[in-house]
Amino acid sequence: MSEQPEVFLPLSQATYYILLALRECRHGYAVMQDVEKISEGSVALGPGTLYGALGKLQKQGIIQQVKVIDADRRKYYVLTDLGREVLDLEYKRILSVVSHTKRVMGEEKR
């Protein structure tokens with residue numbers, strides 16, 4: 001897939017946290033746990049939401065399923081190169097939004 005990473009932005013909050021969790025190879029249940037931990041409990045994904053998102057991200061080429069030796073029935077996922085680019089661009093976009101907000105909010109408090 002030759003998609004440009006920008007076409008996937010902005011990401012939903014849940015998708016952003018899923019990609020953040022998949023910086024390392026993880027199975028679905030571990031992704032759910034990591035998302036809740038990383039977001040300090042503000043995002044809790046149910047299995048339907050998670051696996052729907054994983055399927056969509058896989059079709060888009062942002063993540064891929066990987067084979068893990070002795071991995072019983074679990075499916076493991078990891079970011080693709082495109083996925084890493086999307087995550088990096090979204091991180092930079094969020095930083096920019098926060099920076100602009102701080103400037104504007106700081107000006108209002110003067």
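Any value given below was found using the heavy atoms of this structure, including those in side chains, with hydrogens, waters and symmetry copies removed.
In this structure, the side chain to side chain contact (heavy atoms under 4.5 Å, CB included) partners of Leu57, at least two apart in sequence or on a different chain, are Thr15, Ile18, Leu19, Gln60, Ile62, Ile63. Checked against salt bridge (charged side-chain N to carboxylate O under 4.0 Å, His left out), Arg84 has no partners two or more places apart in sequence or in another chain. Taking Glu85 as the reference, nothing meets the salt bridge (charged side-chain N to carboxylate O under 4.0 Å, His left out) condition, with sequence neighbours excluded. Val97 pairs by the side chain to side chain contact (heavy atoms under 4.5 Å, CB included) definition with Arg93, Thr101, not counting sequence neighbours. Residues meeting the salt bridge (charged side-chain N to carboxylate O under 4.0 Å, His left out) test with Lys37, sequence neighbours left out: none.
Here the straight-line distance linking atom CZ of Arg23 with atom CG of Leu79 works out to 8.5 Å at 0.5 Å rounding. How far CD of Glu90 is from CG of Leu95: 10.0 Å, rounded to the nearest 0.5 Å. Atom-to-atom distance recorded for Lys67:NZ and Cys25:SG is 12.5 Å, nearest 0.5 angstrom.
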Practice prompt. Would you check, one step at a time, whether the test side-chain contact (heavy atoms from CB on, under 4.5 Å) holds for Glu6 with Leu89?
Written response: CA-CA 7 Å; Glu6 295 83 7; Leu89 283 175; 3.7 Å; yes

Item to complete: Decide side-chain contact (heavy atoms from CB on, under 4.5 Å) for Leu22 and Val78; before the verdict, give the C-alpha distance in whole Å, the side-chain angles of both, and the deciding distance to 0.1 Å.
Response: CA-CA 5 Å; Leu22 287 173; Val78 69; 5.9 Å; no

Practice prompt. Please assess His100 against Arg103 for the test side-chain contact (heavy atoms from CB on, under 4.5 Å), listing each intermediate value before the final yes or no.
Written response: CA-CA 5 Å; His100 298 150; Arg103 187 189 71 231; 3.8 Å; yes

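In this structure the side chain of Val31 never reaches within 4.5 angstrom of the side chain of Tyr17, judged on heavy atoms. Residues Gln58 and Tyr77 are in side-chain contact: their nearest non-hydrogen atoms beyond the backbone lie under 4.5 Å apart.
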Extract all donor-acceptor atom pairs below 3.5 Å that involve side chains of residues 38-54 and protein atoms in other chains or at least two apart in sequence.
residue: Ser39; atom: OG; partner: Val35; partner atom: O; Å: 2.8
residue: Ser39; atom: OG; partner: Glu36; partner atom: O; Å: 3.4
residue: Ser39; atom: OG; partner: Ser42; partner atom: N; Å: 3.4
residue: Ser39; atom: OG; partner: Val43; partner atom: N; Å: 3.0
residue: Ser39; atom: OG; partner: Val43; partner atom: O; Å: 3.3
residue: Ser42; atom: OG; partner: Ser39; partner atom: O; Å: 2.9

